[in-house]
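Below is one structure, written out as structure tokens; the observations come after it.
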Amino acid sequence: MSLQHCLVLTVATGAVWMDLRTRRIANEWIITAWIAGLVTQLIRYGAAGAGIFLFGMLFPILALYILFYFHMLGAGDIKLLSAVGGFLGVSAILKCMIVSFLSGAVLSIGIILVCGNLPQRLTKFFNYFQTYFTKRKYQKKTEPVPYYDGKWGMECIHFSVPVLMGVLLWIGGFY
């Protein structure tokens, strides 16, 4: 396993540990990961590594901002993907994001089936969009309606876990 693999695995594993313990991923951890990603890319590719790092780091932030805006994905999760993207570059982080979302979907479906609350989750999902579009129709200036209301139980997954799954599949050569 290369140094790059070890660093990315350390970043993702540390983020999962923090997220499960405190429901947050520390900014210091992300900043350290960004610095490590930049240094790694500079060592591997010279000055061109700065561009690879920058585009890989910015891609998840720009691509996932809409999910953050509607409180469907936390800032820490996006910053984690950004840190991983700094190591992987745009092409690989896009694949990692797709694999992470698919892993998260499978994990979520499994949890919902175990909890037995599929009808309630579907009702919440459709009510969310109904509320959003109704509010938008009758108000000229609207704030986003948060999807996550802080009242969920076990069915609220920590997205850092699917990100770790995506990283592990990258290390294993899946993509």
Q) Can any side-chain N or O of W170 pair as donor or acceptor with the backbone N or O of Y175 at less than 3.5 Å? A) no
[X]: which residues meet the side chain to side chain donor-acceptor pair (under 3.5 Å) condition with it, sequence neighbours left out?
X    : result
T40  : none
W34  : S82
S100 : none

Q: Begin with the C-alpha distance, continue with both residues' side-chain angles, and end with the deciding distance and a verdict on side-chain contact (heavy atoms from CB on, under 4.5 Å) for L80 and V16.
A: CA-CA 10 Å; L80 172 60; V16 167; 5.8 Å; no
Looking at every heavy atom in both [X] and [Y], which two are closest together, and how far apart are they?
X    : Y    : answer
A26  : M18  : N-SD, 3.4 Å
S108 : I157 : OG-CD1, 3.7 Å
P60  : I93  : CG-CG1, 3.7 Å
L42  : A50  : CD2-N, 3.8 Å

(Q) Before you tell me yes or no, could you show the steps for I52 and R44 under side-chain contact (heavy atoms from CB on, under 4.5 Å), namely the whole-Å CA-CA distance, both residues' side-chain angles and the distance that decides it to 0.1 Å? (A) CA-CA 10 Å; I52 294 168; R44 290 183 74 196; over 6 Å; no
How long is the straight-line distance from [atom2] of [Y] back to [atom1] of [X], given to the nearest 0.5 Å?
X    : Y    : atom1 : atom2 : answer
L107 : M165 : CG    : CE    : 6.5 Å
K79  : N27  : NZ    : CG    : 3.5 Å
D77  : L64  : CG    : CG    : 9.5 Å

(Q) Could you walk me through whether L88 and V167 satisfy the side-chain contact (heavy atoms from CB on, under 4.5 Å) test, starting with their C-alpha distance in whole Å, then the side-chain angles of each, then the deciding distance to 0.1 Å, before giving a yes or no? (A) CA-CA 10 Å; L88 273 58; V167 166; 6.0 Å; no
Q: Tell me, please, which residues at least two apart from L54 pass side-chain contact (heavy atoms from CB on, under 4.5 Å).
A: M57, L58
Q. What residues form a side-chain contact (heavy atoms from CB on, under 4.5 Å) with S2, not counting sequence neighbours?
A. Q4, H5
Q. So which pairs with a foot in residues 76-105 pass ring pair (Phe, Tyr, Trp, His ring centres under 6.0 Å), sequence neighbours left out?
A. F101-F159
Q: Assess whether side-chain contact (heavy atoms from CB on, under 4.5 Å) is satisfied between V11 and I30, documenting all intermediate values.
A: CA-CA 8 Å; V11 167; I30 298 301; 5.8 Å; no
